[in-house]
Amino acid sequence: MADMQAFRDAVSGWANGGPGGPASDLAVRLGVRTAVLLEGASDLAAVETLAARRGRDLAAEGVCVVPMGGAMSVGRYAGLLGPPGLGLRLAGLCDEREQRFFDRGLERARAPHQGFFVCVTDLEDELIRALGTARVEEIVRAEGDLRAWQTFLHQPAHHNRPRQQQLRRFLGTKKGRKIRYGHLLVEALDPEQVPTPLDALLTSL
């Protein structure tokens with residue numbers, strides 16, 4: 001895992017204008033064959049949690065999950081890791097509203113779209129719908145976030161929104177909360193509740 005994190009760090013440095021040599025060397029040494037491109041760290045937490053629940057060691061399988069820091073970076077990452085760069089197989093998840101960035105980025109990188117799956121709103125929304133709002137609120141209480149949740153609900157801007165939207169917005173109101181709940185919500189899923197895009201991604205790897 002530490003070595004795969006080193007590869008992720010090297011790829012991030014490369015994407016931000018650094019040299020590509022360290023990422024290339026690590027890809028060979030670690031036997032990386034597939035890069036899973038995700039928008040952010042909460043998606044990473046969800047994917048790695050589901051893989052672990054299914055008894056999969058993605059790093060040992062040569063799969064590196066790469067959070068890009070936003071959908072608009074997909075063209076750069078696809079170019080570095082896909083056919084024009086390291087020649088890895090690419091896969092990933094994207095939000096429906098960001099699909100156009102993924103489509104353009106993959107086309108520029110001459111990478112196939114197969115292996116990329118679309119969440120209707122985003123992965124957090126998929127997980128909340130899969131579990132149901134009552135179950136998610138139970139998890140919020142169990143995590144000691146009830147007071148913060150109640151304070152959030154008393155804010156006028158959120159009064160008339162559906163509970164699902166309120167929960168989704170709440171997860172993004174504090175740094176690190178989306179990442180923590182990306183793990184917790186996947187841990188709480190029954191096997192048959194796994195959202196279709198997340199299930200399809202793991203199955204494709």
Compare every heavy atom of His159 with every heavy atom of Leu153, then report the nearest pair and how far apart it is.
-> O-CD2, 3.2 Å

side-chain contact (heavy atoms from CB on, under 4.5 Å) between Phe116 and Asp103: does it pass, once the steps are laid out?
-> CA-CA 10 Å; Phe116 284 84; Asp103 289 342; over 6 Å; no

CG of Asp57: more than 12 outside heavy atoms within 6.0 angstrom?
-> yes

Is it the case that one hydrophobic cluster holds both Leu81 and Leu201, taking links as side-chain heavy atoms less than 4.5 Å apart, direct or via other members?
-> no

With distance as the sole test, does Arg76 use its side chain to make a donor-acceptor pair with the main-chain N or O of Ala15 at under 3.5 Å?
-> yes

Under 3.5 Å, side chain of Glu126 to main-chain N/O of Val120, donor-acceptor pair present?
-> yes

Which is it for Arg135 and Glu138 under the salt bridge (Lys or Arg N to Asp or Glu O under 4.0 Å) test, yes or no, and what are the steps along the way?
-> CA-CA 5 Å; Arg135 179 71 180 103; Glu138 288 177 7; 3.3 Å; yes

Any sub-3.5 Å donor-acceptor pair from Arg177's side-chain atoms to Phe170's backbone N or O?
-> yes

Among pairs that include at least one residue of residues 192-205, which meet side-chain hydrogen bond (donor to acceptor under 3.5 Å, both in side chains), considering only residues two or more places apart or in two chains?
-> Arg54-Asp199

Keeping the roles fixed (side chain from Arg33, backbone from Glu61), state whether a donor-acceptor pair exists under 3.5 Å.
-> yes

Has the side chain of Arg100 got a donor or acceptor atom that lies under 3.5 Å from a matching backbone atom of Arg97?
-> yes

Shortest non-hydrogen separation from Leu90 to Gly82 and the atoms involved = CD1-CA, 3.9 Å

CG-NE2 distance between Leu106 and His113, expressed to the nearest 0.5 angstrom | 5.0 Å

Hphob cluster co-occupancy, Leu58 + Val32, side-chain heavy atoms under 4.5 angstrom | no

Return the set of residues passing ring pair (Phe, Tyr, Trp, His ring centres under 6.0 Å) with His158 (not counting sequence neighbours), or none when no residue passes.
-> Phe152

Using a distance-only test with no angle check, is there a side-chain donor-acceptor pair under 3.5 angstrom linking Gln5 and Arg8?
-> yes

Val186 backbone acceptor or donor facing Arg53 side chain under 3.5 Å = yes

CG/Leu86 to CG/Leu80 distance, rounded to the nearest 0.5 angstrom?
-> 7.5 Å

Ala111 versus Pro83, closest heavy-atom pair with distance | CB-CD, 4.0 Å

Flag the pair Asp145 and Arg180 as a salt bridge only when some basic side-chain nitrogen lies within less than 4.0 angstrom of an acidic carboxylate oxygen.
-> yes

Tightest non-hydrogen contact, residues Ala71 and Phe101, listed as O-CB, 3.7 Å

Is there a path from Leu167 to Leu123 through hydrophobic residues (I, L, V, M, F, W, Y) whose side chains come within less than 4.5 Å of each other?
-> yes

Output yes when a side-chain donor or acceptor of Arg56 lies under 3.5 Å from a complementary backbone atom of Leu202, and no otherwise.
-> yes

side-chain contact (heavy atoms from CB on, under 4.5 Å) assessment of Asp25 paired with Arg29 | CA-CA 6 Å; Asp25 291 345; Arg29 180 161 67 84; over 6 Å; no

Does Glu39 use its side chain to pair, donor to acceptor, with the backbone of Asp95 at less than 3.5 Å?
-> yes

Decide whether Arg163 and Gln166 meet the rule of one side-chain donor and one side-chain acceptor closer than 3.5 Å.
-> yes

Measure the spacing between CG of Leu171 and OG of Ser42 and express it to the nearest 0.5 Å.
-> 9.0 Å

Give the C-alpha distance, both sets of side-chain angles, the deciding distance and a yes or no for side-chain contact (heavy atoms from CB on, under 4.5 Å) between Arg169 and Gln165.
-> CA-CA 6 Å; Arg169 181 70 187 92; Gln165 291 183 16; over 6 Å; no

Nearest-0.5 Å distance, CD1 of residue Ile139 to CD of residue Glu187 | 10.0 Å

For Gly92 against Val36, the heavy-atom pair lying closest together | CA-CG1, 4.0 Å

Nearest-0.5 Å distance, CG of residue Asp43 to SG of residue Cys119 = 7.0 Å

Cluster link Phe7 to Met68, ILVMFWY, side chain under 4.5 Å | yes

Indicate yes or no for a side-chain donor-acceptor contact from His183 to the backbone of Ile179 under 3.5 Å, with no hydrogens or angles considered.
-> no

Nearest-0.5 Å distance, CZ of residue Arg89 to CD of residue Gln114 = 7.0 Å

Do you reckon Val63 sits in the same ILVMFWY cluster as Met4, going by side-chain contacts under 4.5 Å, direct or chained?
-> no

Go through the steps for Glu124 and Leu185 under the test side-chain contact (heavy atoms from CB on, under 4.5 Å), then give the verdict.
-> CA-CA 9 Å; Glu124 287 77 25; Leu185 298 185; 5.8 Å; no

Nearest atoms (heavy-atom pairs only) where Tyr77 meets Ser12 = OH-CA, 3.8 Å

